[in-house]
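Just below is one structure, and these are the notes that go with it.
Since we're looking at a predicted model, the values are computed, not measured.
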Number of protein chains: 2
Amino acid sequence: MTTEALNRLKTAEAEKITHLDYFNIGISVDCVIFGFEKKELKVLLIKSDLEEFADKWSLLGDLIDPFEDLDSAPYRVLKQRTGLDDVFLQQVGSFGEVKRHPSGRVITTAYYSLINIRNHQLKITDNEVHWHTVADVKDLAFDHKKIMDACLKRLRVQAMDEPVVFNLLPEKFSLRELQDLYQSILGIKLDRRNFRKKISLKSWLHDLDEMENNVPHRPGKLYKLKTGLKTTTL
Amino acid sequence: MTTEALNRLKTAEAEKITHLDYFNIGISVDCVIFGFEKKELKVLLIKSDLEEFADKWSLLGDLIDPFEDLDSAPYRVLKQRTGLDDVFLQQVGSFGEVKRHPSGRVITTAYYSLINIRNHQLKITDNEVHWHTVADVKDLAFDHKKIMDACLKRLRVQAMDEPVVFNLLPEKFSLRELQDLYQSILGIKLDRRNFRKKISLKSWLHDLDEMENNVPHRPGKLYKLKTGLKTTTL
DNA sequence: TCAAAAGTGTTGACTTTACACCCATGA
DNA sequence: TCATGGGTGTAAAGTCAACACTTTTGA
């Protein structure tokens with residue numbers, strides 16, 4: 001912030017009205033929490049019970065606490081909602097149209113997160129919270145659809161050259177599962193041979209010398225992400 | 001924002017203390033304004049006269065106005081500082097460590113901007129504002145160095161596949177100027193023949209059938225960006 | 001024995017990099 | 001005539017997309 005802004009800040013402290021104008025703005029974070037199940041990319045949403053958005057779903061978010069770093073707030077939200085810490089979380093952007101929140105001015109910073117649905121499954125106690133198939137989400141409360149789309153776009157870009165998507169999978173996975181995951185993220189079908197070639201070129205995977213079981217067809221080999229490549233935040 | 005947050009918001013309105021805790025946070029925008037001159041990438045900085053940052057330079061920024069969209073604020077800042085509107089401006093990220101501002105809690109959203117130094121040259125009246133060579137900037141007030149680095153990184157990525165850098169050049173330019181610009185942004189030398197091939201592959205340029213003059217060597221052809229490709233914001 | 005998916009290579013198109021010479025201009 | 005940069009092409013390496021058959025397993 002510049003000198004002028006600071007002067008204004010001091011002036012604001014003297015003049016109550018101006019002060020309230022400048023500071024009567026809420027700051028929140030919203031989390032776009034992606035999961036992967038049954039070959040579909042999912043997003044965790046909560047029922048909005050704001051009157052203006054009756055029956056609409058919205059992202060998980062909260063006002064930031066006064067003595068909490070901005071980038072720490074989404075970890076708190078995730079911990080409260082899913083019981084997980086040590087998750088992948090990345091800031092995507094801030095949304096601050098004057099009229100975006102019907103109850104007053106709220107500027108929000110959006111984060112996207114990738115979690116393994118099975119790991120946190122038992123920890124969601126709040127039954128207003130549900131997984132939705134990303135491709136089927138048409139409309140959300142506030143500007144949350146726009147925020148979700150921005151996060152999805154970021155995920156697509158990032159998935160192409162950084163080993164982030166493994167946060168969505170169990171520790172051991174087959175190449176088929178990995179390919180299904182990429183297909184659900186990118187929304188396109190991929191050629192199996194080319195996909196395997198490309199993945200093996202990246203040297204992200206460690207061959208476990210184990211096979212799938214409980215599959216109704218020929219089992220594939222299992223892999224895990226090489227140690228040291230797990231990304232929690234970039 | 002979720003229901004709980006809203007409830008808290010309403011509670012906050014009733015209880016003054018909590019209200020002040022939650023809302024006594026300043027929100028600012030900071031602009032990383034890049035220019036290009038004498039084969040060097042420049043950034044526009046202002047002298048900080050905060051006691052804590054005596055003799056340090058800082059980014060141009062301001063508190064956002066109460067009834068102004070977040071993404072509009074940097075346009076206002078630029079207009080005030082350089083007299084320019086219709087500039088390229090893009091949000092890069094938000095920075096909100098509790099202690100980032102010595103005078104109180106301020107969360108800032110950073111934008112990067114690309115402007116043609118010659119166009120605005122005469123409009124800077126504030127003589128506390130100066131251009132600095134990006135490569136020579138070692139330290140700035142607040143966390144502004146970190147912010148500048150984040151913006152530079154974004155610029156580097158974006159310059160590679162979108163026609164954004166033309167905002168830094170005069171309307172007519174030679175391929176040498178364009179190559180010098182790319183080199184200053186990326187911080188590497190490029191092969192002339194390969195650079196020209198790559199640029200011509202992008203089909204961004206319109207050959208003006210004019211030549212440079214006032215150069216102490218063989219003049220090169222002049223080009224301009226094809227109409228319709230000028231990017232102000234993405 | 002059938003259904004389902006595993007596993008595996010090659011070719012052609014395209015992209016990227018490295019590299020060197022002659023030319024036009026102004027000083 | 002010299003210094004400076006303008007302008008240009010090719011070959012080798014690498015990357016990307018398209019494409020099909022045999023194998024293994026469980027039901």
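Nearest-nucleotide positions on DNA chain D place B:E177 closer to the 5' end than the other of B:E177 and A:H217. Residue whose closest nucleotide on DNA chain C sits further toward the 5' end, between B:L201 and B:R193: B:L201.
As rounded to whole Å, 15 Å separates atom C1' of C:dG12 from atom CG of A:D191. When rounded to the nearest whole Å, the span between CZ of A:R192 and C1' of C:dG7 equals 7 Å. The interatomic distance linking A:N214 (CG) with C:dA5 (C1') rounds to 16 Å, in whole Å. If you take CD1 of A:I199 and C1' of C:dG7, they are 16 Å apart, rounded to a whole angstrom. Taking atom NZ on B:K198 and atom P on C:dA18, their separation rounds to 11 Å, with Å as the unit. Note: CZ (A:F195) to P (C:dG7) measures 13 Å, nearest angstrom. The CG atom of A:N194 sits 14 Å away from the C1' atom of C:dG7 (whole-angstrom rounding). Summarising the geometry, the separation between NZ on A:K221 and C1' on C:dA6 is reported as 11 Å, rounded to the nearest angstrom.
Think of the region where chain A sits on DNA chain D: with heavy atoms and a 4.0 Å cut, that region ends 5' and 3' at D:dA17 to D:dG26.
In this structure, CZ on B:F166 lies 11.5 Å from CG on B:L114, to the nearest 0.5 angstrom.
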Handout entry: A:I64 and B:I107: CA distance, side-chain angles, deciding distance, side-chain contact (heavy atoms from CB on, under 4.5 Å) verdict
Key = CA-CA 11 Å; A:I64 72 164; B:I107 291 177; 3.4 Å; yes
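Distance alone, capped at 3.5 Å, is enough to place a donor-acceptor pair between the B:T231 side chain and the B:L229 backbone.
Using bins of under 30°, 30° to 60° and over 60° for the plane-to-plane angle, the ring pair B:H144/B:F142 lands in the tilted bin.
Residue contacts for A:R176: at a heavy-atom cut-off of 4.0 Å it reaches the sugar-phosphate backbone alone, with no base atom in range. At a threshold of 4.0 angstrom between heavy atoms, the contacts of B:K197 include nucleobase atoms, whether or not backbone atoms are also involved.
The base of C:dA24 does not come close enough to the side chain of B:R218 for any donor and acceptor atom to sit less than 3.5 Å apart.
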